[in-house]
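Notes follow once the structure below has been shown.
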Protein chains: 2
Amino acid sequence: MNDFLSEIEYAGLISRIKRLSDEILYSTRDYYKTVGLDIEPNWHLVFYLLERNGSMTITDISQELRMSHPACVKIIKKMKKKGYVLTKTDDSDSRRQLLQLSDKSKAQLPFFRKHWDAGIKTTEDLIADSPHFVEELKQLELKIDQKSYKDRTLDNLELE
Amino acid sequence: MNDFLSEIEYAGLISRIKRLSDEILYSTRDYYKTVGLDIEPNWHLVFYLLERNGSMTITDISQELRMSHPACVKIIKKMKKKGYVLTKTDDSDSRRQLLQLSDKSKAQLPFFRKHWDAGIKTTEDLIADSPHFVEELKQLELKIDQKSYKDRTLDNLELE
DNA sequence: TATATTTGCGTAACTAGTTACGTAATAAAA
DNA sequence: TTTTATTACGTAACTAGTTACGCAAATATA
């Protein structure tokens, strides 16, 4: 296969994870374009959340997805622009913007779901030969959660 | 742990990989800032390559790292601006820009290496409880390489 | 009740990648 | 030798995330 990132072993592992993630992201966007899905790859999580919960704020979503709120602001802004999300100011707290799916979203959801399901199937196929992957990914998440990559590396620096 | 991305199982797996990758990337940048490393996290691969090979072109690097050449152009541009990389036009082909590490780079490499090694140690620590991770990641890379996420998903769509 | 703190969210400025396009130099083909 | 195709690389415009900052509304405290 002759891959530099693999050759350097642990020094390239993190970059390989990023490379895999990027590759799938761009391939998914390519897929969406091909089949005529007028949405971005990361939006489907917001559709999922709003469909399940009915109404949520930016802060709610950013907590559920564990990403920064400015990232969510950007996503929602685009989804609103395309008419997939509606906002309504909370009566009891004017800071809170209640988000919900528009009728356009609801009408398109079955179509979206068909494609999302095909993607999920792809994910299942991909890790079919990797029976420990999900469990070991979870381990990584847990460890990173307990102590950050930065703090771990600072500790490792002192050991030398 | 109560994590939405984990709850939805395969529908959230790709996003979890991205989340992990992002988290480590930003944590590494934070680390660099803390210890006074005046470089970006992704540069270390270029340092590795140029140190090993002496002189390379943008195209060489993009092939080795398997990323687009415009991405490399951006990285090299910044590295040049900071004085870490020098360019020299190839005598026999004026299109080719031969890149090499500057004296500043060479002088700092031992310092850099100390921190990169600490990071590698962190990676090793992290996957110490995930004995199959590297092998299964490789499997994923191979499968994606054989048939893209897009093509796999198109096939899965037809099956329904 | 007046003041201080927290919360929600919006924006700015940054890095990191992509695809699409253009241009000049080299190589290949007519 | 002239034309055509390929290669190297630079730029533009886009998405996707981050941190840092600001401001107004709500809440807690003095």
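As the structure is a computational prediction, the values presented were derived from the model and not from experiment. So you know, we letter chains A, B, ... as the sequences are listed, proteins then strands, and number each from 1. Values below: all heavy atoms of this structure, side chains included; hydrogens, waters and symmetry mates excluded.
At the heavy-atom level, A/T59 lies under 4.0 Å from the strands shown only through sugar-phosphate atoms. When heavy atoms are screened at a 4.0 angstrom cut-off, A/S94 is found touching the sugar-phosphate backbone but no base atom. Backbone-only engagement by A/N42 is indicated by non-hydrogen atom pairs under 4.0 Å involving sugar-phosphate atoms exclusively. Using a 4.0 Å heavy-atom cutoff across all strands shown, B/S15 reaches no nucleic acid atom at all. Contacts of B/K74 with the nucleic acid, taken as non-hydrogen atoms under 4.0 Å apart, include base atoms.
Between A/F4 and B/R52, the closest side-chain pair of non-hydrogen atoms falls below 4.5 Å. Looking at A/T89 and A/L98, their side chains never come closer than 4.5 Å, going by heavy atoms from C-beta outward. Residues A/W43 and A/M79 are in side-chain contact: their nearest non-hydrogen atoms beyond the backbone lie under 4.5 Å apart. Considering only heavy atoms from C-beta on, A/Q100 stays 4.5 Å or farther from A/M56 through its side chain.
Each of A/D93 and B/D93 was matched to the nucleotide of DNA chain C holding its nearest heavy atom; the match closer to the 5' end belongs to A/D93. Toward the 5′ end of DNA chain C lies the nearest nucleotide of A/H69, the other residue of the pair A/H69 and A/K33 mapping further downstream. Remark on DNA chain D: of its neighbouring residues A/S92 and A/W43, the 5'-side contact belongs to A/W43, judged by nearest-heavy-atom nucleotide. When each of B/R29 and B/D60 is assigned the nucleotide of DNA chain D bearing its nearest heavy atom, the one mapping closer to the 5' terminus is B/D60.
With a heavy-atom cut-off of 4.0 Å to chain B, the contacted part of DNA chain C has its first and last nucleotide at C/dT15 to C/dT26.
Atom CG in B/D90 sits about 17 Å away from atom P in D/dT7, given to the nearest Å.
If you check distances only, the side chain of A/R95 does reach the base of D/dA25 with a donor-acceptor pair under 3.5 Å.
Taking the six-membered ring wherever Trp is involved, the centroid distance between the rings of A/F47 and A/F112 falls below 6.0 Å.
Using a 4.0 Å cut-off between charged nitrogen and carboxylate oxygen, A/E23 and B/R66 do not count as a salt-bridge pair.
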